[in-house]
Amino acid sequence: MTQRASACGKVILLGEHAVVYGTPAIAAGIERGAWAEVSLADVGPSTLEIGDRRAVADAQSEDDLARAFSALVGSDRAFSVRAHSELPPGGGLGSSAALAVSIARAIEMYTSAAPHERELRAAERALAWERVFHGNPSGIDMYAAANGGTFEFVRGRGGQPIEAGAELWLCIGLSGSGASTKTMVESVARQFQRRPELQARTLDGIGALVRNASLAIQVGDLVGLGRLMDLNQMMLAGLLLSTQPIEQLCTLARGAGALGAKLTGSGGGGSVIALVPAPGGSEDEGSDVAKAVLRAWKLAGFEGFVTRVGATGR
Ligand code: PMV
């Protein structure tokens, strides 16, 4: 018998990096995500197949994936896992967390625990996987992968859903290169150690943007939200997290009518989100502004897609 589970990808609307230090951040699930199919294996160790990548669970391995898989799967039983992510790895869209949560959920289906208990245990398994890749994860990716929706997140406290006053639609542009979250988080930590005043100023500033953005989302003030995203991008650029392709994606999006644009996730590469008006008619078709943003990106050689945020990924 095979068990199958899924989890959603995410975007951080505002507050990445500061969230590692306890400042609130706002994130949302997106429809694209990951799924896993798990079956019991006759003999161990457990094996994992993600596209053409293969790993065998091994806590001592030099391969991050083998160690992360080992931390997630444990050694009580042996499983054969096949997983797939629709999200670019290192793209800032929570691919790693979505994979971890979908694999952990499918494994927990082999236990007789109550559904609530299984979800808690799946979250623990997934966090063990994330620690291997991220070093010091705030947990925001895991929360989004497991719950989706639109939410405010505080490290150690989890997420609080935000009731959005208007549909939120984003164009997501891929900068073409990935970045290691661990490296980017460590780079910010070094800057904060060298300059404590930069840390205080950054966390205060981003905290204020997040508080205002939360209100803007609740009342459906998309113009206000877009401006706050632009300001957040300036602060992230000040922390050396932006790159030339990220800046180009943001400038092209704003020029095509987006209400605001910024990097999402760790930066140093990865993805850009551009806030666009909701489409008038059909659900899947973006608005004219969304189409103009995607066209501008394509002409400059960047891939992108439009999505409504707040998906739950189940
Ligand atoms: O892994 P990414 O690119 O989605 O970034 C995670 C967000 C950070 O705030 C940079 C790190 C964290 O653990 O919250």
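Every number for a ligand or one of its atoms is a count from 1 in the order of the listing. Bear in mind that the values here come from a model prediction, so they are computed numbers and not experimental data. Counting begins at 1 with the first residue of the sequence.
Residue-level proximity to ligand 1 for I12 is carried by the side chain, the only part with a heavy atom below 4.0 angstrom. Neither the backbone nor the side chain of L93 has a heavy atom within less than 4.0 Å of ligand 1.
Which parts of ligand 1 touch I140 is read off a 4.0 Å heavy-atom cut-off, strictly below it: atoms 14 (O). The atoms of ligand 1 that sit less than 4.0 Å from any heavy atom of D141 are 1 (O), 2 (P), 4 (O), 6 (C). Taking a cut-off of under 4.0 Å to the non-hydrogen atoms of S138, the atoms of ligand 1 that pass are 12 (C), 13 (O), 14 (O). Which parts of ligand 1 touch V19 is read off a 4.0 Å heavy-atom cut-off, strictly below it: atoms 9 (O), 14 (O). For ligand 1, the atoms sitting less than 4.0 Å from at least one non-hydrogen atom of H134 are 1 (O), numbered in the order shown with element in parentheses. Heavy-atom proximity to K10, at under 4.0 Å, picks out these atoms of ligand 1: 4 (O). Near P137, the atoms of ligand 1 lying under 4.0 angstrom from a non-hydrogen atom of the residue are 13 (O). Every atom of ligand 1 is numbered from 1 in the order shown, and the set under 4.0 Å from a heavy atom of E16 is 9 (O).
Between the side chains of Q199 and Q191, no donor-acceptor pair of N or O atoms lies under 3.5 Å. E37 and T2 share no side-chain donor-acceptor pair at under 3.5 Å. Side-chain contact, E130 with S96: a donor N or O sits under 3.5 Å from an acceptor N or O. Using modelled atom types and a 3.5 Å distance limit, the side chains of Q233 and S242 yield a donor-acceptor pair.
Note on ligand 1: M184 sits outside its first shell, no heavy atom being nearer than 4.0 Å.
S266 is listed as a side-chain neighbour of H17, based on a closest heavy-atom distance under 4.5 Å.
With respect to atom 3 (O) of ligand 1, the closest heavy atom belonging to the protein is S266 N, 2.9 Å. Of all protein heavy atoms, the one lying nearest to atom 1 (O) of ligand 1 is T181 OG1, 2.8 Å. For atom 8 (C) of ligand 1, the closest non-hydrogen atom on the protein side is H17 N, 4.0 Å. The protein heavy-atom contact nearest to atom 11 (C) of ligand 1 is V20 CG2, 3.8 Å.
Taking the centre and axis of the six-membered ring of F305, the NZ or CZ atom of R32 falls inside the cone set by 45° and 6.0 Å.
The minimum heavy-atom distance between S46 and F79, with the atom names listed, is OG-N, 2.9 Å. Heavy atoms only, all atoms of each residue included: W169 and V306 are closest at CE3-CG2, 3.9 Å.
Below 3.5 Å of separation, one finds no N or O of T264 facing any N or O of ligand 1.
The side chain to side chain donor-acceptor pair (under 3.5 Å) check on R118 picks up nothing, with sequence neighbours excluded. Taking the side chain to side chain donor-acceptor pair (under 3.5 Å) definition, one finds that E163 meets it with nothing, sequence neighbours left out.
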